[in-house]
A.B. asks: 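I'd like to ask you about the structure that follows.
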Amino acid sequence: MTNLEFISKQVTAPVKNIENTLQLLSEDCTIPFISRYRKDKTGNLDEVIIEQIAKLNKEFETIVKRKEAILKSIEEQNSLTPELEKKIRQTFDLNDLEDLYLPFKKKKKTRADVAREKGLEPLAKIIMAQNNDDIDFVASKYINDKVENEDEALQGARDIIAEWINENIYIRKNLRRIYQRKSAIATKAVKLKFENESSPEAEQIKQKAKKFEQYFDWSENLMKAPSHRLLAMLRAENEGFIKLKIEIENEEAIEMMEESIIKNKKETAVHLKKAIEDSYKRLLSPAISNETLQEAKAKADITAIQVFAGNLGQLLLAPPLGEKRILAIDPGFRSGCKVVCLDEKGDLLYNETIFPHAPQNETAIAMKKIRSMVNAYKIDAISIGNGTASRETEFFIKKIAFDKPIQVFVVSEAGASVYSASKIARDEFPNYDVTVRGAVSIGRRLSDPLAELVKIEPKSIGVGQYQHDVDQSQLKEELDTVVMRCVNSVGININTASKSLLSYVSGIGEKMAENIVAYRSENGAFEERKQLKKVPRLGEKAYQQAAAFIRISNAKNPLDNSAVHPEAYAIVEKMAKDLKISLNELIANKEKIGQIPLEKYVTEDVGLLGLKDIVKELEKPGLDPRKAAKVFEFDPNVKTIDNLRTGMVLPGIVNNITNFGCFVDIGIKESGLVHISQLKEGYVSDVNEVVKLHQQVQVKVVEVDESRKRIQLTMIL
């Protein structure tokens, strides 16, 4: 089987399109470049399908590598028969491969190995042949200086048979099917070490245990357990609060094994039954149950990562305010509120600490300082972090009488502390402490969330569940893919983009991003895309992959501020020439663009799909696909969980999405949960069909559990 055949079985797309995509990937083309600028070759496959093809191609390569390693190992043991080699080469399922390899895998000395050393393998073969009615007599022939009596001989033979049964591919496959269909995950509480103590440490552990109390006695079908529930149970076990096991009806499994092994009712059947039971309990059940749990965990990981990735994508593409002068506040009580003023590019102009809240209560002085900063630095908007003292700071700001209308926004602080202590922040602001850096990040998140959030490790942004419990390399790979997809869908201003933002541009990477920033510092702003080729180590391939995703404002060539690829510039110039107008007159001229006969400009490299994208871009060059930021206000009467009452209808912002519902920020420390069944009337299969991250919604309070800090909300008003 080729990689093309392997992928074609799992991807719904024409084989030719998959083949062309694989060819482009093999030429080191990036997924954003392929999906945007090679549509005619891929048949307009989107990024998600191209990513799937790339992943399946890697999976195929992994299987091929594993096969070669297995074949080499068996060959070195002089055990590779033509029949076994054929089976291995024809197998493309990792479980089946490992089953074929199991008898040859190096392992610790087993009970079967000991029995073989005693010369009992021939006896095991006689029992398996099931032709003898006087097996005790046969066993007596195997008594020697290593075997004391018939019972020991028969036990040794059964140990060998148990191992053969464990290595039987048919039995392993069927047992897997039973586990996959019918296994239950069951949990029991573990007696806590500090259960009867009242020390601070004991209380802390008891509070932690309380989060998992629903799993202290729990059982459900493993395959039906939702991703979040399985991950919660596994975390509870890892933290020592429960014991977990995977169970099936043992009778069904043993019956299946007996039916496939025992051929008659001769005396040998008794020994085979014992060997089957031993093989199942000692070897097969522990291995297959663990394998089944790992498979379920892998599926739960994928689901959790997909939820996280979806949330991250929505967060990164949150509406930007744009190039405005911003006053940003990192609120606090005792330590005060850190205030920074930023210019249109997000550069720091001034910083100050004010103390409008208790215990200092310097409200009048703080108001005067804010007014003065707003006027002195020509501030357009105020950005307030949503952490401690956020609501109080928002109320304080809204009491100030400014000389002009000032928009006030509350933005998420998630990950700001991670950024402020990072090397990136230290390099940007070597002379300022973490509080100033954190406030700057809060301001920049308002002007351009994407440009600021790419500086933080994606899993630290806080829009997923159980991100520390899932496969970390898989999580990083998926989240990096999402960031790259978002950055390239928006495009970046090469003259203002940070190294972090540049590193996610198609074809660039971290080292090349450093070189671009260094070149920009030494030579000034880029005036045209072609200048990229002068950046050290940025060759033709990197230029091809990256050029169309960067933007240059006021460039010599207006196409340099669009998503038109430089390889298509000649086509656009010919379009303008044929229309007898200049390039500048063609751009954004819908009437003239509508007159272009696309078929006339088809080339070997650019077909109709590519041309349609080009004219669409010419109509609105460099348009940011994100919406504009909107001001939002929480209910001024709700400041803490104590203020909540059942039946209240409140404005809120969706701040996290899971498979079982969404969490809504209603302006207090605790977010409320809207269960999937409470999103709207009727059945909802996917939360994302109803809400998006940062969506402004109206919710009604259904239940408030102050002791557990849990709030149940509904959007069915």
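Along the sequence shown, residues carry numbers from 1.
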A.B. asks: Taking 4.0 angstrom as the limit, do R172 and E167 come out as a salt bridge?
C.D. replies: no
A.B. asks: Could you tell me whether D96 and K173 make a salt bridge, using a distance below 4.0 angstrom between a side-chain N and a carboxylate O?
C.D. replies: yes
A.B. asks: Look at the side chain of S289 and the backbone N and O of I246, then say whether any donor-acceptor pair between them is shorter than 3.5 Å.
C.D. replies: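 No: the side chain of S289 does not pair with the backbone of I246.
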A.B. asks: Should K105 and E98 count as an ion pair when the cut-off is N to O under 4.0 Å?
C.D. replies: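 A salt bridge links K105 with E98.
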A.B. asks: Answer yes when E152 and K118 have at least one side-chain N-carboxylate O distance shorter than 4.0 Å, and no when they do not.
C.D. replies: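 Answer for the salt bridge query: yes.
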A.B. asks: Taking I31's backbone N and O only, do any of them form a donor-acceptor pair with S35's side chain (distance below 3.5 Å, no angle check)?
C.D. replies: yes
A.B. asks: Quick check: does any side chain N or O of Q472 sit under 3.5 Å from a backbone N or O of V470, one acting as donor and the other as acceptor?
C.D. replies: yes
A.B. asks: In a check of side chain to side chain contact (heavy atoms under 4.5 Å, CB included) between L284 and each of L175, D278, I276, N168, which one passes?
C.D. replies: L175
A.B. asks: When you measure from the side chain of S460 to the backbone of P458, do you find a donor-acceptor pair of N or O atoms at a distance under 3.5 Å?
C.D. replies: no
A.B. asks: Between E47 and R36, is the closest basic N to carboxylate O distance under 4.0 Å?
C.D. replies: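 Salt bridge between R36 and E47, a charged N being under 4.0 Å from a carboxylate O: no.
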A.B. asks: Check whether S8 reaches the backbone of L4 with its side chain - one donor and one acceptor, N or O, closer than 3.5 Å.
C.D. replies: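 Yes.
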A.B. asks: Evaluate L102 against N166 for side chain to side chain contact (heavy atoms under 4.5 Å, CB included), listing each step before the verdict.
C.D. replies: CA-CA 9 Å; L102 188 60; N166 179 52; 4.0 Å; yes
A.B. asks: Strictly by ring pair (Phe, Tyr, Trp, His ring centres under 6.0 Å), give each pair with a member in residues 220-264 just once, sequence neighbours left out.
C.D. replies: F212-F241, H228-F660
A.B. asks: Using ring centroids (six-membered ring only for Trp), state whether F549 and Y37 fall under 6.0 Å.
C.D. replies: yes
A.B. asks: Salt-bridged, D613 to K39, with N to O below 4.0 Å?
C.D. replies: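 Yes, D613 and K39 are salt-bridged.
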A.B. asks: Is E117 paired with K109 through a side-chain N to carboxylate O contact shorter than 4.0 Å?
C.D. replies: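 Looking at K109 and E117, the cut-off is met.
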A.B. asks: Using only atom types and a distance under 3.5 Å, with no angle test, would you say the side chain of Q130 pairs donor to acceptor with the backbone of I261?
C.D. replies: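 The answer is yes, because a donor-acceptor pair under 3.5 Å joins these two groups.
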A.B. asks: Flag the pair E61 and R66 as a salt bridge only when some basic side-chain nitrogen lies within less than 4.0 angstrom of an acidic carboxylate oxygen.
C.D. replies: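 Result for this pair is no, no salt bridge flagged.
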A.B. asks: Under a 4.0 Å N-O cut-off, is there an ion pair linking R176 with E291?
C.D. replies: yes
A.B. asks: Determine, for K55 against E51, whether the closest basic-nitrogen to carboxylate-oxygen distance falls under 4.0 angstrom.
C.D. replies: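 Judged by the 4.0 Å cut-off on N to carboxylate O distance, K55 and E51 do not form a salt bridge.
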A.B. asks: Just grab all the side chain to side chain donor-acceptor pair (under 3.5 Å) pairs involving residues 293-307, residues at least two apart or on different chains.
C.D. replies: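 As it turns out, the side chain to side chain donor-acceptor pair (under 3.5 Å) pairs with a partner in residues 293-307, which skip direct neighbours, are N95-E295, Q180-E295, K297-D301.
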A.B. asks: Is the NZ or CZ atom of K67 positioned over Y101's six-membered ring, under 6.0 angstrom from the centre and within 45° of the axis?
C.D. replies: no
A.B. asks: Give a yes-or-no answer on whether the side chains of E689 and S685 include a donor-acceptor pair shorter than 3.5 Å.
C.D. replies: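 S685 and E689 do have a side-chain donor-acceptor pair below 3.5 Å.
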A.B. asks: Give a yes or no answer on whether the side chain of T603 reaches the backbone of D605 with a donor-acceptor pair at less than 3.5 Å.
C.D. replies: yes
A.B. asks: So that I can tick it off, tell me whether E478 and K476 are bridged by a salt bridge, with the cut-off set at under 4.0 angstrom between side-chain N and carboxylate O.
C.D. replies: no
A.B. asks: Among K224, E247, R229, E220, find the one that has a side chain to side chain contact (heavy atoms under 4.5 Å, CB included) with I185.
C.D. replies: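 The passing option is E220.
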A.B. asks: Is atom NZ of K107 surrounded by more than 12 heavy atoms (other residues, nucleotides or ligands) closer than 6.0 Å?
C.D. replies: yes
A.B. asks: Would you call K511 and E514 a salt bridge, using N to O less than 4.0 angstrom?
C.D. replies: yes
A.B. asks: Would you find a donor on one side and an acceptor on the other, under 3.5 Å apart, between the side chain of N488 and the backbone of S506?
C.D. replies: yes
